[in-house]
Each structure stands twice: as structure tokens, then as C-alpha cells.
Engineer: 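Before anything else, here's the structure in question.
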Amino acid sequence: MAYSELYRKIYEAVARIPEGKVVTYGQIAWMAGRPRAPRVVGYAVSKAPRELNLPCHRVVNRLGEMAPFHAFDGPEFQRFLLEEEGVIFLDNGCVDMKKSQWKPES
DNA sequence: GTGATGACGTCTT
DNA sequence: CAAGACGCCATCA
């Protein structure tokens, strides 16, 4: 099996994240059809092949913290990318979810 | 097939 | 207000 349906939806949801916006694992899980499985989302993304070019740096936990810092050279790099994309960072080092959290239309 | 793990989320203490 | 524990679903060993 290449990827499960859930995996495919998760990858698609992450790929749909517009620049300058971030989403929480819970939102992706909700989009994938498993609102109670944010863990699976993180797992799927962690196993996501780079061939998909998934912007995991746009995926953060509900606090706006950078959970996926493991996937990049370092948290600095991720924060830099997000800032360049237009994501607002608070002084506490978290993303301004109030403005930068992506709201899926459908 | 069973047990343990995991890039989270929410409740309770 | 902050920290700890439990629960959720899917995958790995």
C-alpha cells in the first residue's frame, strides 16, 4: 500500500496551507476526517516523504509553537521561513494564531 | 494478533 | 495561573 486514505488527506491538507498561514494538528485531523486523531496527523507528517514537499513548517500545535522543529535544520530556520511568508510571531516565540491560523473554507 | 509508541488535545489537580 | 495525567487513532515492532 502506498498511503492510506487518511494519510493522503493529511498530506493534501498540509499542501493546501497557504503561505503566511499556519494550522494546528487538530485542524488537519478534522480536515482528514479524524477530528479525534491529531496524533495520527503528526505521525503521518513525520513519515511524510520529502518528495511531497510538505510545508510542515506551517504545521504547529494549537499553542502556535513549532512542534515540527525536528524536520528542519533548526527552529530558527522554520521561524525565518514563516516570518518571510508573513506569519506573525509573538514575543513569546509562538505564532499569532489569532491572525496566522488558517481557516479552511470547506 | 497483541503491545508499545507518538511532530497532540483537553480535562483535572 | 501552571503542571500533570488521561484519552484519541493509526502505525511500528
Side-chain angles (χ1 to χ4, degrees):
Chain A
M1 69 180 185
Y3 301 111
S4 300
E5 195 75 13
L6 181 59
Y7 266 53
R8 192 165 66 184
K9 288 184 178 181
I10 292 170
Y11 296 147
E12 184 181 355
V14 176
R16 285 174 64 187
I17 304 172
E19 297 180 1
K21 296 285 182 178
V22 295
V23 270
T24 67
Y25 292 95
Q27 289 247 248
I28 296 173
W30 179 73
M31 287 187 253
R34 294 298 184 285
R36 307 298 165 181
R39 311 187 80 96
V40 182
V41 176
Y43 217 88
V45 177
S46 68
K47 298 296 183 183
R50 299 185 178 189
E51 286 72 49
L52 297 176
N53 191 20
L54 290 177
C56 3
H57 58 271
R58 294 183 193 149
V59 184
V60 296
N61 58 22
R62 85 170 191 82
L63 300 176
E65 288 183 336
M66 295 172 286
F69 70 91
H70 291 291
F72 298 92
D73 294 337
E76 288 181 31
F77 185 63
Q78 181 180 6
R79 187 164 73 186
F80 176 76
L81 289 175
L82 293 173
E83 287 181 333
E84 289 296 295
E85 291 182 357
V87 176
I88 308 301
F89 273 81
L90 300 178
D91 189 41
N92 60 338
C94 296
V95 177
D96 187 351
M97 304 301 286
K98 189 176 181 181
K99 293 182 179 179
S100 299
Q101 184 172 29
W102 181 45
K103 299 165 185 173
E105 297 178 2
S106 76

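Reminder, nothing fancy here: chain letters follow the sequence lines and each chain counts from 1.
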Engineer: C:dC8 P sits how many Å from A:Gln27 CD, rounded?
Structural biologist: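 Value for this atom pair: 21 Å.
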Engineer: Figure out the OH/C1' separation between A:Tyr43 and B:dG9, and round it to whole Å.
Structural biologist: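 Going from A:Tyr43 (OH) to B:dG9 (C1'), I get 18 Å.
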Engineer: Distance check needed: C:dT11 P versus A:Lys47 NZ, whole Å only.
Structural biologist: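 That distance rounds to 12 Å.
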Engineer: Drop me the distance from A:Lys47's NZ to A:Ile10's CD1, to the nearest 0.5 angstrom.
Structural biologist: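 Nearest 0.5 Å value for the NZ-CD1 distance: 13.5 Å.
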Engineer: Residues two or more places apart in sequence or in another chain: which of them pass side chain to side chain contact (heavy atoms under 4.5 Å, CB included) with A:Pro18?
Structural biologist: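 Applying side chain to side chain contact (heavy atoms under 4.5 Å, CB included) to A:Pro18 gives A:Lys21, A:Trp102.
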Engineer: Tabulate protein N/O versus nucleotide N/O from nucleotides 1-4 of chain B, keeping only pairs under 3.5 Å, one per line.
Structural biologist:
none

Engineer: Could you list the residues that satisfy side chain to side chain contact (heavy atoms under 4.5 Å, CB included) with A:Arg39, not counting sequence neighbours?
Structural biologist: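 Scan of A:Arg39 (side chain to side chain contact (heavy atoms under 4.5 Å, CB included), adjacent residues dropped) gives none.
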Engineer: For residues 82-91 of chain A, pull every pair meeting salt bridge (Lys or Arg N to Asp or Glu O under 4.0 Å), keeping only residues two or more places apart or in separate chains.
Structural biologist: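 As it turns out, the salt bridge (Lys or Arg N to Asp or Glu O under 4.0 Å) pairs with a partner in residues 82-91 of chain A, which skip direct neighbours, are A:Arg58-A:Glu85.
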Engineer: For residues A:Lys9 and A:Ala32, report the shortest heavy-atom separation together with the two atoms involved.
Structural biologist: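 Taking A:Lys9 first and A:Ala32 second, the nearest heavy atoms are CD-O, 3.4 Å.
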Engineer: Calculate, to the nearest 0.5 Å, the distance between atoms CH2 and OG1 belonging to A:Trp30 and A:Thr24 respectively.
Structural biologist: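 Output value for this atom pair is 11.0 Å.
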Engineer: At a cut-off of 3.5 Å, list every protein nitrogen or oxygen paired with a nitrogen or oxygen from nucleotides 10-13 of chain B, distance to 0.1 Å.
Structural biologist:
unit_1: B:dT10; atom_1: OP2; unit_2: A:Arg62; atom_2: NE; d: 3.2

Engineer: CG of A:Leu63 versus C1' of B:dC8: gap in Å, rounded?
Structural biologist: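 So the two atoms are 10 Å apart, to the nearest Å.
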Engineer: Between protein and nucleic acid, restricted to nucleotides 5-7 of chain C and to nitrogen or oxygen atoms under 3.5 Å apart, what atom pairs and distances do you find?
Structural biologist:
unit_1: C:dG7; atom_1: O6; unit_2: A:Arg39; atom_2: NH1; d: 3.0
unit_1: C:dG7; atom_1: N1; unit_2: A:Arg39; atom_2: NH1; d: 2.7

Engineer: Could you tell me whether the phosphate oxygens of B:dG6, OP1 or OP2, come under 4.0 Å of any side-chain nitrogen or oxygen in A:Ser46?
Structural biologist: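 Negative; the distance criterion is not met.
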Engineer: Counting only pairs under 3.5 Å, give me each side-chain donor-acceptor contact of residues 92-100 of chain A, with atom names and distances, residues two or more places apart or in other chains.
Structural biologist:
unit_1: A:Asn92; atom_1: OD1; unit_2: A:Cys94; atom_2: N; d: 3.2
unit_1: A:Asp96; atom_1: OD1; unit_2: A:Lys98; atom_2: N; d: 3.1
unit_1: A:Ser100; atom_1: OG; unit_2: A:Ile88; atom_2: N; d: 3.2

Engineer: Run the ring pair (Phe, Tyr, Trp, His ring centres under 6.0 Å) test against A:Tyr7 and tell me which residues pass, sequence neighbours left out.
Structural biologist: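 Scan of A:Tyr7 (ring pair (Phe, Tyr, Trp, His ring centres under 6.0 Å), adjacent residues dropped) gives A:Tyr11.
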Engineer: Name every residue in residues 6-14 of chain A that has at least one heavy atom under 4.0 Å from any atom of DNA chain B, in order of residue number, or write none if there are no such residues.
Structural biologist: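 Contacts with DNA chain B under 4.0 Å: none.
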Engineer: Could you please name the option among C:dC12, C:dC9, B:dG9 that lies closest to any side-chain atom of A:Asn61?
Structural biologist: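 The closest nucleotide is B:dG9.
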Engineer: Can you list the residues that meet the side chain to side chain contact (heavy atoms under 4.5 Å, CB included) rule with A:Ala29, with sequence neighbours excluded?
Structural biologist: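 Testing A:Ala29 for side chain to side chain contact (heavy atoms under 4.5 Å, CB included), a comparison that skips the adjacent residues, returns A:Val41.
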Engineer: Quick check: do A:Arg34 and A:Val40 have side-chain heavy atoms less than 4.5 Å from each other?
Structural biologist: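 No. Closest side-chain heavy atoms not under 4.5 Å.
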Engineer: The criterion is side-chain hydrogen bond (donor to acceptor under 3.5 Å, both in side chains); which residues satisfy it with A:Arg8, sequence neighbours excluded?
Structural biologist: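 Counting only residues at least two positions away or on another chain, A:Arg8 forms a side-chain hydrogen bond (donor to acceptor under 3.5 Å, both in side chains) with A:Glu5.
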Engineer: Hydrophobic cluster membership, with links at side-chain heavy-atom distances under 4.5 Å among I/L/V/M/F/W/Y: are A:Leu52 and A:Leu6 in one?
Structural biologist: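 Yes; A:Leu6 is reachable from A:Leu52 via cluster members.
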Engineer: Would you please name every residue forming a side-chain hydrogen bond (donor to acceptor under 3.5 Å, both in side chains) with A:Glu51, sequence neighbours left out?
Structural biologist: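 Listed in chain order: nothing, the list is empty.
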